[in-house]
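One structure is given below, encoded as structure tokens.
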Amino acid sequence: MTALSALSAVLLILSFPNFNLSFLAWIALVPLLFAIEGRTPREAFRLAYICGAVFFLGTIYWLIHVTLPGMIAVALFLALYFGLFGFALNYVLPITDYQLLFFIPALWVGIEWLRSHLLGGFGWALLAHSQSNALAVIQISDITGAYGTSFLVILVNAAIYITIKDMKKKTVRTIPCLAAAVLVLYISVAYGIVRMKNVFTGETLKVSVVQGNIPQKEKWDPDLSGRILDKYERLTNEAAKDRPDLIVWPETSVPGFLETERNLSDRMKSLAVSSGTHVLVGVPREEDSYLRLYNSAVLFSDEGRVVDRYDKMHLVPFGEYVPFKRFLSFVEKFAKSPIGDFSPGKEYRVFKFFIERKFGSADAAWKLLKKAKFSCLICFEDIFPDLTRQFVKNGAVFLVNITNDAWFGRSSAPYQHMQCSVFRAVENRVNVIRAANTGISCFIDQKGRVTDMVESGGKPIFVDGYKTRDITLTPTRTFYTVHGDIFAYLCMLYTGLYLWIKRRGKKKK
């Protein structure tokens, strides 16, 4: 049975980058379901936990570049959610009917939601993310969030499991279950096909993203700060030739503090003026004489003026701060690099700036100013759908994700990270523009299509360069933007009621 559990984990790993065999996700959980069938609750938990442990060790292995003990600890902790899945499912597996067909995916969705929220949450490598390239499948995310895609994938796994189970018993009771699963999948994909045909119209904005490709070991070397800034200036000046409305730098790309380093501040303002456009940069920011540090994004106008700033709200635990530091300060001893002491921001900031459009004819010429509104997600903030939708609810018409994945080396981390951004684009029907230090810097449209990216020699990571592209600004409010995780809440309600009814039924017997 342990072999079946491990087989499910391997199939799940293969469905994610860098293997990208996403079709395997649709059958990956079948071995696990058979493994925990007929087991005691403790055995079911253990087998599912083994599956989770192997899966997370195989998908977030790149944390080894930051800390080996930390990587193992995180993987073993996240595996508890798989264990919970097996434990809860143990109550209902002996039954084969419509309720089981929908209970299994509802339970999975509920547990994914818990993983994404409890103790700060870590919604990385959700099952839905493996399908980021299956555009027709993921379009339902504008209603259900990414959890709807996870539901579909597990629904198919459950249908296959029920079918094989009943075929062994030589019964035909599974035909209605299979029909129900096919019908749900058909409706979802049909909706996706219709949405893929939608045409988004509106004002056009030209944006450039800059990818500096600064090695992590060099980023904060004071002797190299001049060279780093020289590189970003060169790339910015090259991008400015495309006459963009906005140029975006990655997270903490400015090698210093603008508040206290006058020369650095003046140089950034001069660059914005010479480029003739607005420039958004990632920068560490200090406040109250070093008592508070923030991971921030600052927008410079084409006149060199600071328009606005955003302070990162959702910090990386054990990366940017130590949670429960009084009790967990010893963790710093196991980190390869010092753990930061940043403070979280408190405001869902929407950046606003004016874009100028000139019109004319032989007899007259005029110009029109239009306001562009966007919000910035820093680092892994794009893995949090509720955080993202709040920015859109506040008026952001497109989103920017600035990040630095150099920490994780030449691994699958940047590709997995980009998958999260794809879902944020579809959920809210907004463009997501990514500027990453070492990649992946790209443009994602409202349908989740990666329309362009910074590449060199066909490689998007650990290369430097820039890319300019036009995006269409279409103010919209999706069901998900307005109502959030209602689908996940309904799944959890259904799961809780079903388990409660089953428990009461067992007591009466």
Original post:
Please, which pairs that meet side-chain hydrogen bond (donor to acceptor under 3.5 Å, both in side chains) have at least one residue in residues 454-467, sequence neighbours excluded?
Top reply: K231-D464
Original post:
Any donor-acceptor pair under 3.5 Å linking the side chain of S141 with the backbone of E427?
Top reply: no
**OP:** For the pair Q139 (side chain) and Y191 (backbone), establish whether a donor and an acceptor sit closer than 3.5 Å, ignoring hydrogens and angles.
**Re:** no
Subject >> Pairs meeting criterion side-chain hydrogen bond (donor to acceptor under 3.5 Å, both in side chains) with involvement of residues 39-61, two or more places apart >> reply: T40-E43, Y61-S412
Original post:
Is it true that a side-chain atom of Q419 and a backbone atom of A125 form a donor plus acceptor pair closer than 3.5 Å?
Top reply: no
Subject >> Partner set under side-chain hydrogen bond (donor to acceptor under 3.5 Å, both in side chains) for R410, not counting sequence neighbours >> reply: none
**OP:** Hey, could you give me the CD1/CH2 distance between I60 and W124, rounded to the nearest 0.5 Å?
**Re:** 9.5 Å
Original post:
Under the side-chain hydrogen bond (donor to acceptor under 3.5 Å, both in side chains) test, which residues partner T481, sequence neighbours left out?
Top reply: N428, T478
**OP:** Write out all pairs satisfying ring-ring contact (aromatic ring centres under 6.0 Å, His included) with one or both partners inside residues 421-448, taking only residues at least two apart or from two chains.
**Re:** H129-F423
Original post:
Any chance the rings of F82 and F55 have centres within less than 6.0 Å?
Top reply: yes
Kindly list each side-chain donor-acceptor pair under 3.5 angstrom involving residues 482-490, sequence neighbours excluded, with atom names and distances?
unit_1: D485; atom_1: OD1; unit_2: Y480; atom_2: OH; d: 2.7
unit_1: D485; atom_1: OD2; unit_2: W113; atom_2: NE1; d: 3.2

**OP:** Output yes when a side-chain donor or acceptor of S150 lies under 3.5 Å from a complementary backbone atom of A128, and no otherwise.
**Re:** yes
Subject >> Closest approach of A35 to L47 (non-hydrogen atoms, all atoms of both residues) >> reply: O-CD1, 3.3 Å
**OP:** Go through the steps for M71 and L57 under the test side-chain contact (heavy atoms from CB on, under 4.5 Å), then give the verdict.
**Re:** CA-CA 8 Å; M71 184 274 288; L57 287 171; 3.7 Å; yes
**OP:** Identify the two heavy atoms, one from S132 and one from V422, that lie closest to each other, and give their separation to 0.1 Å.
**Re:** O-CG1, 3.9 Å
Subject >> Derivation and outcome, side-chain contact (heavy atoms from CB on, under 4.5 Å), residues S116 and L126 >> reply: CA-CA 9 Å; S116 300; L126 300 183; 3.8 Å; yes
**OP:** Classify the ring geometry between W108 and F85 as parallel (under 30°), tilted (30 to 60°) or perpendicular (over 60°).
**Re:** perpendicular
Original post:
Within the side chain of E381, is there an N or O that forms a donor-acceptor pair under 3.5 Å with the backbone of H314?
Top reply: yes
Subject >> For D386, salt bridge (charged side-chain N to carboxylate O under 4.0 Å, His left out) partners two or more places apart >> reply: R389
Subject >> Listed partners of T451 passing side-chain hydrogen bond (donor to acceptor under 3.5 Å, both in side chains), at least two apart >> reply: R469
Original post:
Distance from Q216 atom CD to W407 atom CH2, nearest 0.5 Å?
Top reply: 4.0 Å
Subject >> Rounded distance (nearest 0.5 Å) linking atom NE2 of H65 with atom CG of D405 >> reply: 11.5 Å
Original post:
Between P31 and L4, which heavy-atom pair has the shortest distance, and what is it?
Top reply: CB-O, 3.4 Å
**OP:** Kindly say whether the aromatic ring centers of F391 and Y310 come within a distance under 6.0 Å.
**Re:** yes
**OP:** Would you check if C491 and F151 make a side-chain contact, meaning some heavy-atom pair closer than 4.5 Å?
**Re:** yes
**OP:** Can you label the angle between the F34 ring and the Y161 ring as parallel, tilted or perpendicular, going by 30° and 60°?
**Re:** perpendicular
Original post:
Among all residues two or more places apart in sequence or in another chain, which pass the side-chain hydrogen bond (donor to acceptor under 3.5 Å, both in side chains) test with E218?
Top reply: R227
Subject >> Approximate separation, where rounding is to 0.5 Å, of I402 CD1 and N295 CG >> reply: 7.0 Å
Throw together a table of side-chain donor-acceptor distances under 3.5 angstrom for residues 6-19, partners on residues two or more places apart or in other chains.
unit_1: S8; atom_1: OG; unit_2: A28; atom_2: O; d: 2.6
unit_1: S8; atom_1: OG; unit_2: L32; atom_2: N; d: 2.9
unit_1: S15; atom_1: OG; unit_2: L12; atom_2: O; d: 2.6

Original post:
Is there a donor-acceptor pair closer than 3.5 Å between any side-chain N or O of E251 and the backbone N or O of N404?
Top reply: yes
Original post:
So which heavy atom on G110 is nearest to which on M492, and how close?
Top reply: CA-CG, 3.4 Å
Subject >> Any donor-acceptor N or O pair under 3.5 Å, side chains T388, R424 >> reply: no
Subject >> Non-hydrogen side-chain atoms of D382 and L399 separated by less than 4.5 Å >> reply: no
Original post:
Does any pair with a residue in residues 110-120 pass salt bridge (charged side-chain N to carboxylate O under 4.0 Å, His left out), and if so which ones, sequence neighbours excluded?
Top reply: none
Original post:
Can you pull the salt bridge (charged side-chain N to carboxylate O under 4.0 Å, His left out) pairs that have at least one residue in residues 139-155, sequence neighbours excluded?
Top reply: D142-R195, D142-R429
Subject >> I36 CD1 to N90 CG distance, which is reported to the nearest 0.5 Å >> reply: 7.0 Å
Original post:
If you take all heavy atoms of P385 and I383, which pair is closest and at what distance?
Top reply: CD-O, 3.2 Å
Original post:
Would you find a donor on one side and an acceptor on the other, under 3.5 Å apart, between the side chain of N401 and the backbone of R434?
Top reply: no
Original post:
From L387 CG over to Y348 OH, what is the distance, rounded to the nearest 0.5 angstrom?
Top reply: 5.0 Å
Original post:
Between N157 and W26, is there a donor-acceptor pair closer than 3.5 Å when you use the side chain of the first and the backbone of the second?
Top reply: yes
